[in-house]
S.K.: 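Before I ask anything, let me first share the structure, which is written out below as structure tokens.
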Amino acid sequence: MAKNNEHIILEIYDLFFQEYGYQNWWPADSAFEVIVGAILTQSCSWHNVSLALNNLKKDNLLDPKKILNMKIDKFESLIKPSGYYKQKAKKIISFLKYFEIYDFDIDNIKKNTIEKVREELLNIWGIGEESADSILSYAFDKPMLVVDTYTKRFTYRLSLTDVDIKYSDLQKYLMDILPHDNEYYKDFHAQIVYHSKISCKKKPKCESCILRINNLCNYNI
Ligand code: SF4
């Protein structure tokens, strides 16, 4: 890894923090809400995830035992706004069966090493790397950086990574540069998502982008 790239990544984060402020992710009232949100957000906008979460919250049903005791069709109808609701209901139930082993107590899971928890999460049906790392970082407060399609597109456009870089390689590349601090990882990911939504979109708005203005990105469309 070129030293130069390390400086660019850290400088970009500082600029994001200065311009956009601390992102305060993940938006949730509880760690359990983060977990359910991390599964519901697969292939779904956050707006629609919020609708599904609010359906659960308004009847005080965002609770692991209540969900496990609920009829599956009722649960599916509550999370319907998040799309793929039948699959997502099964995924959440799969997680809850794992959670039950730990007496539905996140602190019991957190006593394990990050490697063990990540492996266990990845063994749950329907939980892939991005969901597992979101849960590790934002719900379990384990030091893990979430990367996603926004991160991949962003680092590619900055000429830092290849277009087809693997999830694990991109994650390692960035984690080797960033300070080993979950607060930093949490906000770094949130800043990239925010920047990708307002500037570095599918069709990027380079002319008004703060990275272009500060000579940090020369990407040509
Ligand atoms: S200059 Fe364009 S490509 Fe580069 S980060 Fe900004 S929006 Fe994305």
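Whatever order the structure lists ligands and atoms in, that order sets their numbers, starting from 1. Residues: numbered from 1 along the sequence shown.
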S.K.: Show me, pair by pair, the donor-acceptor contacts under 3.5 angstrom made by side chains of residues 13-20, not counting sequence neighbours?
M.R.:
| from | atom 1 | to | atom 2 | distance (Å) |
| --- | --- | --- | --- | --- |
| Tyr13 | OH | Asp187 | OD2 | 2.6 |
| Tyr20 | OH | His195 | ND1 | 2.7 |

S.K.: Ion pair present between Asp176 and Lys172, side-chain N to carboxylate O less than 4.0 angstrom?
M.R.: yes

S.K.: Below 6.0 angstrom between ring centroids: does that apply to Tyr98 and Phe95?
M.R.: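 Judged by ring-centre distance (under 6.0 Å), Tyr98 and Phe95 do meet the cut-off.
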
S.K.: From atom 5 (S) of ligand 1, work out which of His195, Arg153, Lys203 has a heavy atom at the shortest distance.
M.R.: His195

S.K.: Ser196 pairs by side chain to side chain contact (heavy atoms under 4.5 Å, CB included) with which of Ile192, Ile198, Val193?
M.R.: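 Option passing the side chain to side chain contact (heavy atoms under 4.5 Å, CB included) with Ser196: Ile192.
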
S.K.: Does Lys80 have more than 12 heavy atoms from other residues, nucleotides or ligands lying within 6.0 Å of its NZ?
M.R.: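 It does not: Lys80 NZ has 12 such atoms or fewer within range.
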
S.K.: Does either side chain, that of Tyr102 or that of Glu120, offer a donor lying less than 3.5 Å from an acceptor on the other one?
M.R.: yes

S.K.: What protein N/O/S atoms are found closer than 2.8 Å to atom 4 (Fe) of ligand 1?
M.R.: Cys217 SG

